Amino acid sequence: MNLFTEIRAVVLDAVARQIEAGALPEGLATQAITVEPPRDPSHGDMATNAAMVLAKPAGQKPRDLADRLAPILSEDARIGEVTVAGPGFINLRLAPNLWSGVVAAAIANGSDFGRSQMGVGQKVNVEFVSANPTGPLHVGHTRGAVFGDALASLLDFAGFEVTREYYINDGGAQVDVLARSAYERYREACGLNPEIAEGLYPGDYLIPVGEALKEKFGDTLLDQPEDAWLAQVRDFATSMMMDLIRADLKSVGVVMDVYYSEKSLYGTGRIEATLEDLEGRGLIYEGVIEPPKGRVPEEWEPRPQTLFKSTEYGDDTDRPIKKADGSWTYFAPDIAYHKDKVDRGFDLLIDVLGADHGGYVKRMKAAVAALSDNRVPLDIKLCQLVKLFKGGEPFKMSKRTGTFVTLRDVVQEVGPDVTRFVMLTRKNDAPLDFDFVKVLEQSRDNPVWYVQYAHARTNSLMMRAGEAGIAADDSALARADLTALAHEAEIGLIRKIAEFPRLVETAAHHHEPHRVAFYLYDLASEFHSWWNRGQDEPGLRVIREEAPDLTLARLALSRAVQVVISAGLGILGVAPMKEMK
RNA sequence: GGCCCCGUAGCUCAGCAGGAUAGAGCAACCGCCUCCUAAGCGGUAGGUCAGAGGUUCGAAUCCUCUCGGGGCCGCCA
C-alpha cells in the first residue's frame with residue numbers, strides 16, 4: 001500500500017473529470033504530475049503539482065486550474081482540507097484515519113510492509129562480484145558483493161523477479177597463472193622449494209591448494225612438462241578458489257543463484273554464433289584502430305583486427321574482439337555471455353563492476369543493445385574504491401607481499417551486519433571511507449548502531465509492556481484505537497512510516513539501495529526523538545499504566561516503526577538487534 | 001586528445017522522477033539524567049549548491065562550456 005500513489009490516482013481522476021466536463025482539453029500528458037510530501041509539513045500532508053504541469057498545455061493559468069481542481073479533490077472521503085498555494089500547488093490534508101491506517105497496515109503486513117508490485121514480475125539479472133577465481137575476495141569485492149546483493153533484494157521487494165549471478169572468469173590467461181602458482185605450492189607440498197617467479201600469485205591461500213594437489217596426484221605431476229599438468233591443475237585450482245569465494249560470499253550473507261562459467265562458452269560454438277549474429281547486422285569487420293590520442297603507447301603499430309562496431313551504439317571507438325594472435329579478447333566471450341542472458345528471457349540486465357571498468361561500460365551497452373534489438377536495457381553500476389582506516393589513520397595494505405585486506409578480514413573484525421550496512425551508507429559511485437574503529441562506535445554518527453538502537457528500543461518497549469501485564473501482541477495492537485495518536489511527534493513519525501513504500505519504489509527505480517539506509521537513519525532519528533519527549537513530558541511516554549488505550553496506540557506505533565526498520569534492514573541484508581550489548 | 005564519475009555548511013555526506021525558505025551527522029556554543037536504555041534528546045550558529053550561459057511558470061537536479069579532483073583509454077581481465 002502506497003498512500004502517495006493512491007492519492008495520485010485521486011488527482012488523476014479529478015483531472016479526468018475536468019476533461020469530461022470540457023474544462024480541460026483532451027490528450028493531456030499526465031506523467032509529470034506528482035504527489036509528494038511538501039518540504040514544510042505546515043503546508044499539509046501531501047502536495048501535487050498538477051495545476052502547474054497542466055497549465056501550459058491547457059492554455060490556462062495554474063491558479064485558476066488549481067481552484068477548479070480543489071473542490072473536486074475535497075469530495076474524496078480520504079481528503080480533508082484542500083488549499084491552493086504559491087504558484088499553483090494544491091496542498092492536501094488527509095483524513096485522519098488514513099494515517100492510522102498506515103500504522104495498522106504496517107503491523108498487519110509485518111516485514112512485507114512496503115512490498116511493491118512496481119516490477120510487475122519482470123525478470124532482472126543482477127550480475128555482481130564476478131571476481132577472477134584466483135584468490136580470496138578483498139575489500140573492493142566486498143563492496144560490490146554487498147551492493148549487488150542489496151540491490152537484488154531491493155528489486156525483489158519492489159516486485160521484480162531477480163536472479164543473482166556470478167560470472168566466473170575461468171577462460172583467460174589469469175587462470176593459467178593461477179595453475180602455475182598452485183603448481184609451485186604443489187612442489188612445496190612435495191618437499192621441494194617453490195619458485196614463485198615474478199608475475200605468479202604469491203599468496204598463502206594457495207598452500208592448501210598445493211597440499212590438496214599432492215593428496216590427489218601424489219608425486220605424479222613432478223618433473224612433468226607444463227603441458228602435461230596445466231589443464232588439470234588449472235581446473236583443480238579454479239574449483240578450489242571458487243569454493244573459497246563461495247565461502248567468502250556466504251560469510252557476508254551473499255548467496256548466488258547462478259555461477260556462470262566463461263570457459264563453458266568455449267568450444268560450444270556459442271561465441272562464434274553470437275559474433276555471426278552481430279556480423280549479420282553488419283557490426284563486425286576487419287580493421288585498424290586509431291591509437292588513443294594524446295597518449296600514444298611506445299610501441300604502437302597499427303594492425304588489422306576483428307572489430308565490433310560499437311560506435312554505432314554510442315561508443316567512442318570500435319572495439320577488438322580478437323587479439324593479434326587470433327584468440328578472443330575478454331570482450332568476445334563476454335558478449336556471448338550477455339547474449340545468453342538476453343536469451344534466458346531477462347527484461348533487464350544489471351552489471352555491478354569496479355570503477356576501474358569504467359571504460360568497459362559503453363562497449364557492453366552497445367553489444368547488448370545490438371543483440372537485443374534495443375529491447376533489453378543494461379544498467380552498469382560502478383562501485384568506487386573503499387578506503388580503509390583504523391581510528392582515523394589510513395590502513396595501508398601491501399600488494400607487493402601479497403597481503404591485502406580480504407573480505408574475511410573485514411567480516412571477522414566487525415561482523416557481517418556492520419560490514420553490509422556501512423558499505424551501503426554511500427552511493428555506489430562515490431568513494432567510501434571504512435574505518436574499522438568508527439563503524440563499531442556506539443554513537444549517533446555511526447548509522448548502524450543508531451538504527452539498531454532504535455530497533456532494540458522498540459523491542460524493549462514491548463518487553464516493558466509485557467512486564468506491566470499489557471498484552472501487546474500484534475492481534476492486540478490491531479485493536480488499538482489509533483486516533484489517540486494525535487501529537488505532532490506521533491503524526492510526524494507516522495508520516496515517515498508512510499513514506500517507506502514510496503521510498504522503496506524510488507530506490508528500486510534508481511537502482512540505489514543506499515537510499516534505504518539513509519531512510520532508516522532518518523526514521524530512527526524521528527523515533528528516538530519521540531521516545532525522548534517522554535523524558536521531558538511524562539504524558540508522552542509510551543507506557544502509561546493509567547491510560548491503557550493510549551498506551552496500546554503508542555505501542556502500535558512503536559511496533560510499526562519496528563516493522564519498518566526490520567523490513568528495511570531486511571532489504572539491506574542486516575539482522576535487526578533485539579537488545580544492545 | 002577522448003570518454004566516465006565527482007565538486008552542496010569548517011569536515012563527512014544526503015537531497016526523493018525539475019517544485020515552495022537547500023538537509024543530516026561531526027566539530028563549536030547553550031540547555032536536559034531521583035524519569036520507558038543520557039551509548040541519548042532539544043536548541044543556536046554555519047551555504048553566492050565550483051563558475052558562466054541555456055531550457056522552464058520554476059533548476060542543486062536537465063543541456064552546453066570553463067575550472068578543479070579521481071578513473072579509464074589495442075595485443076590484461
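Being a predicted model, the structure only gives us computed values, none of them experimental. All chains are named by letter (A, B, ...) in the order of the sequence lines, taking the proteins before the strands, and each is independently numbered beginning at 1.
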Using the [atom1] atom on both, measure [N] against [M] and round to a whole Å.
N     : M     : atom1 : answer
B:C62 : B:A24 : P     : 23 Å
B:G47 : B:G2  : C1'   : 35 Å
B:A20 : B:C26 : C1'   : 30 Å
B:C4  : B:A9  : P     : 26 Å
B:G10 : B:C35 : P     : 42 Å
B:C3  : B:G25 : C1'   : 35 Å
B:G23 : B:C32 : C1'   : 25 Å
B:A50 : B:G68 : P     : 16 Å

Under a 3.5 Å cut-off for both distances, is [N] Watson-Crick or wobble paired, and to whom?
N     : result
B:C72 : B:G2
B:A22 : none
B:A45 : none
B:C35 : none
B:G7  : B:C67

Quick one: [X] [atom1] to [N] [atom2], roughly how many Å, whole number?
X        : N     : atom1 : atom2 : result
A:Lys387 : B:C11 : NZ    : C1'   : 13 Å
A:His338 : B:A77 : NE2   : P     : 16 Å
A:Met364 : B:A77 : CE    : P     : 15 Å
A:Tyr453 : B:G40 : OH    : C1'   : 5 Å
A:Glu537 : B:C36 : CD    : C1'   : 15 Å
A:Tyr266 : B:A77 : OH    : C1'   : 10 Å
A:Glu262 : B:A77 : CD    : P     : 8 Å
A:Leu432 : B:G71 : CG    : C1'   : 17 Å

Looking only at the side chain of [X] (C-beta and beyond, no hydrogens), which of the listed nucleotides [options] gets closest?
X        : options             : result
A:Lys56  : B:A20, B:C57, B:G15 : B:C57
A:Asn91  : B:A20, B:A38, B:G25 : B:A20
A:Lys362 : B:C4, B:C76, B:C36  : B:C4
A:Tyr521 : B:C36, B:A24, B:A38 : B:A24
A:Phe89  : B:A20, B:A24, B:C57 : B:A20
A:Arg502 : B:C5, B:G74, B:C16  : B:C16
A:Met52  : B:A77, B:C57, B:A38 : B:C57
A:Arg444 : B:C26, B:U21, B:U37 : B:C26
A:Asp433 : B:U12, B:A77, B:A24 : B:U12
A:Asn532 : B:C57, B:G40, B:G23 : B:G40

Walking RNA chain B from its 5' end, the first of A:His509 and A:Tyr450 to be reached, judged by nearest nucleotide, is A:His509
Comparing nearest nucleotides in RNA chain B, the 5'-proximal residue of the pair A:Glu579, A:Asn49 is A:Asn49
N-O pairing of A:Asp433 and A:Lys438 below 4.0 Å
no
salt_bridge(A:Lys496, A:Glu499) N-O dist < 4.0 Å
yes
Sole candidate of A:His487, A:Glu488, A:Arg495 that passes side chain to side chain contact (heavy atoms under 4.5 Å, CB included) when paired with A:Ile491:
A:Arg495
Under 4.0 Å between any heavy atoms, over every strand shown, what does [X] touch: base, sugar-phosphate, or nothing? Just pick one.
X        : value
A:Leu461 : base
A:Ala507 : nothing
A:Val361 : nothing
A:Val35  : nothing
A:Gln384 : nothing
A:Gly86  : nothing
A:Asp315 : nothing
A:Ala55  : nothing
A:Gln535 : base
A:Asn132 : sugar-phosphate
A:Pro320 : sugar-phosphate

Around [X], counting heavy atoms of other residues, nucleotides and ligands shown, do more than 12 lie under 6.0 Å from its [atom1]?
X        : atom1 : result
A:Glu286 : CD    : yes
A:Gln122 : CD    : yes
A:Glu546 : CD    : yes

Any side-chain donor-acceptor pair under 3.5 Å between A:Tyr285 and A:Asp318?
yes
On the nucleotide [N], are OP1 or OP2 found under 4.0 Å from the side-chain N or O atoms that [X] carries?
X        : N     : answer
A:His514 : B:G15 : yes
A:Lys323 : B:A77 : yes
A:Ser529 : B:C41 : no
A:Tyr519 : B:A24 : no

Is the centre of the A:Phe434 ring less than 6.0 Å from the centre of the A:Phe436 ring?
yes
What are the two closest non-hydrogen atoms of A:Phe147 and A:Leu424, and how far apart are they?
CA-CD2, 4.0 Å
Have a look at A:Tyr521 and tell me which of A:Tyr453, A:Phe421, A:Tyr450 forms a ring-ring contact (aromatic ring centres under 6.0 Å, His included) with it.
A:Tyr450
Would you call B:C33 syn or anti, using the 90° rule around 0?
syn
So is the aromatic ring of A:His43 stacked onto the base of B:A20, judging by whether the centres are under 5.5 Å apart and the planes are under 30° apart?
yes
